[in-house]
Amino acid sequence: MGKGRVHIIGAGIVGLAIAANLVQRGYQVTVLDREGPAAGASRGNAAGIAWTDVAPLASPGVWKQAIKWLIDPLGPLTVRPGYAHKILPWMLRFLAASSPKKVASSTKALVELNGSALPAWERLWRASGTHNQVRRDGCLELLDTTSSLAEAREAWAEQRDYGIKVEELDAAAIRDLEPDLSDRVIGGALLADWAQVDDPRAICLSIADWLKGQGVEFAVAEIARLEPKTGGCDLVLKAGERIEAEHLVIACGAWSKTLAAELGDKVPLDTERGYNITIPEPGVSVNRFIMLPGHGFVLSQLSTGLRVGGAVEFGGLKLPPNWKRVDAMLAKAKLFYPDLKTDGGERWMGYRPSIPDSLPVISPASRHDRVFYAFGHAHHGLTQSATTGEMIADMIEGKRPAIDPAPFAVNRF
């Protein structure tokens, strides 16, 4: 006999990972999304399983770098003029989260969450049969100034303290690994245990197909409002239909804030708009994931082409894209790969759901014990999705997750 039905709002990678864990535990699952699987940020991310990232974005030194970037309207970080007043409360919370005490707490939580990410993915890849869509070529962090190299060494030392393998390389060793790089790079590091999927959209669709084979139902539907009640929650769709949910998971990324507010939980979630371009024939060889932390973008070779992406733009959900940001990234990419060809690329802009303390919400609703939240993963949605799925499944079953859930609770705000 089954354990009952769980409705999940959101068919991105987080929602799919939750569905995968629940269906394996005997639950019936329905996934609702206004567009379908992998239509949002899960389609356009850079494809890395960045489990080695243990430092929160909010940190004591981040403001020094942020001020430099903000001077350039097309730089790695910008605030659209029409959105500056709306993002101010988020920025103030970000500043508060940058205190040494808060950073230490957030780092501890990230170390535990991201440390569980790759083993959780290993289980999901095996279960769904998608292990053949994963590469383990490592990640190269590249630096082009002595000051940025010195700062990076401090971060690498911290990663090593947590048992992460970081091998510092000089410029010659780096170019042995990546012959098409220019001589601009002066040093860097190889994170050999990094993993990457062939294409984020493709793996989402593969997992969705596997889930359908397991009996998971998918529906394209937009939620008008939620009506919580004893024993569950009613979903009222914009089309007028009403769905009774025994258990409900809200995992719809940047659109989760409004739904959580309807349930009495005010979450300081905003969007870091990210941009990228995927070039089918780039004319250069990029053998592994390339991270350029001093410039705020990455290069990621996918099965569909070379993806050049990154940047952070605060502009909410309604302002139109500023495609000049893609042009700016390409100009910088050509400094490192001079022979890079940019013709025929597909441009994309998406919404990273971001919370000031760099920690997602993975939690029961504060007032409704059959409603659960899984959103706010920012740059690490793909990375943290599988372990988030395990945590939410544990919570629905009434079990305490292996990872301490307290740092991710919705009532921390």
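For Asp199, the salt bridge (charged side-chain N to carboxylate O under 4.0 Å, His left out) criterion is met by no residue, not counting sequence neighbours. In this structure Thr145 satisfies the side chain to side chain contact (heavy atoms under 4.5 Å, CB included) test together with Ser147, Ser148, sequence neighbours excluded. Legend: residues meeting salt bridge (charged side-chain N to carboxylate O under 4.0 Å, His left out) with Asp137, ordered by chain and number and at least two apart, are Arg135. With sequence neighbours excluded, the residues that form a salt bridge (charged side-chain N to carboxylate O under 4.0 Å, His left out) with Asp357 are Arg412. Every salt bridge (charged side-chain N to carboxylate O under 4.0 Å, His left out) that Glu168 has, sequence neighbours left out, goes to Arg153.
The side chain to side chain contact (heavy atoms under 4.5 Å, CB included) with Ile290 is formed by just one residue from the set Leu299, Val185, Leu306; it is Leu299. The side chain to side chain contact (heavy atoms under 4.5 Å, CB included) test with Ile396 is passed by exactly one of Asn21, Leu248, Val249: Val249. Screening Lys399, Arg25, Arg400 for a salt bridge (Lys or Arg N to Asp or Glu O under 4.0 Å) with Asp394, the sole residue that qualifies is Arg25.
Using cut-offs of 30° and 60° on the angle between ring planes, the pair Phe289 and Trp194 is tilted. Relative ring orientation between Phe314 and Trp90 is described as tilted, the plane-to-plane angle lying within the 30° to 60° band.
Every pair passing ring pair (Phe, Tyr, Trp, His ring centres under 6.0 Å) that includes a residue from residues 124-181 is listed here, sequence neighbours excluded: Trp121-Trp125. For residues 373-404, the pairs satisfying ring pair (Phe, Tyr, Trp, His ring centres under 6.0 Å) are Tyr373-Phe375, with sequence neighbours left out. Counting only residues at least two apart or on different chains, no salt bridge (charged side-chain N to carboxylate O under 4.0 Å, His left out) pair has a member in residues 100-120. Sorted by first and then second residue, the ring pair (Phe, Tyr, Trp, His ring centres under 6.0 Å) pairs with a member in residues 249-280 read Trp255-Tyr351, Tyr275-Trp323; sequence neighbours excluded. Listed by first and then second residue, the salt bridge (charged side-chain N to carboxylate O under 4.0 Å, His left out) pairs that reach into residues 280-306 are Glu178-Arg288, sequence neighbours excluded. Contacts classified as side-chain hydrogen bond (donor to acceptor under 3.5 Å, both in side chains) and involving residues 41-52 (residues at least two apart or in different chains) are given here: Arg43-Glu346.
Between the side chain of Ser358 and the backbone N or O of Leu57 there is at least one donor-acceptor pair closer than 3.5 Å. Judged by distance alone, the side chain of Asn287 and the main-chain N or O of Leu177 form a donor-acceptor pair under 3.5 Å. Judged by distance alone, the side chain of Arg352 and the main-chain N or O of Ala41 form no donor-acceptor pair under 3.5 Å. Side-chain atoms of Asp144 do not come within 3.5 Å of backbone N or O of Arg184 as any donor-acceptor pair. Under a 3.5 Å cut-off, the side chain of Ser256 and the backbone N or O of Ile250 do not form any donor-acceptor pair. Without hydrogens or angle criteria, Glu262 side chain to Leu226 main chain gives a donor-acceptor distance under 3.5 Å. Counting only distance, with no hydrogens or angles, the side chain of Asp265 and the backbone of Ala365 share no donor-acceptor pair below 3.5 Å. Side chain of Arg5 to main chain of Ala245: no donor-acceptor pair is present (N/O by atom type, distance under 3.5 Å, no hydrogens or angles).
Atom CG in Asp193 sits 8.0 Å away from atom CG in Leu118 (nearest 0.5 Å). Residue Tyr83 holds its OH atom at 3.5 Å from CG of Asp270, rounded to the nearest 0.5 Å. From Phe94, atom CZ reaches atom CD1 of Ile87 across 10.5 Å, with rounding to the nearest 0.5 Å. Between Glu313 atom CD and Met349 atom CE the span is 7.0 Å, to the nearest 0.5 Å.
In this structure, the side chains of Ile174 and Leu181 come closer than 4.5 Å at one or more pairs of heavy atoms. Residues Pro360 and Leu113 have side chains in contact (heavy-atom distance under 4.5 Å, counting atoms from C-beta outward). Contact of the Ser366 side chain with the Lys266 side chain is not registered, since no non-hydrogen atoms from C-beta on lie closer than 4.5 Å.
The heavy-atom pair separating Leu124 from Ala20 by the smallest distance is CD1-CB, 3.5 Å.
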Output side-chain donor-acceptor pairs under 3.5 Å for residues 203-218, partner residues at least two apart or in another chain, one line each.
unit_1, atom_1, unit_2, atom_2, d
Ser206, OG, Gln133, NE2, 2.9
Ser206, OG, Ala202, O, 3.0
Trp210, NE1, Ala127, O, 3.3

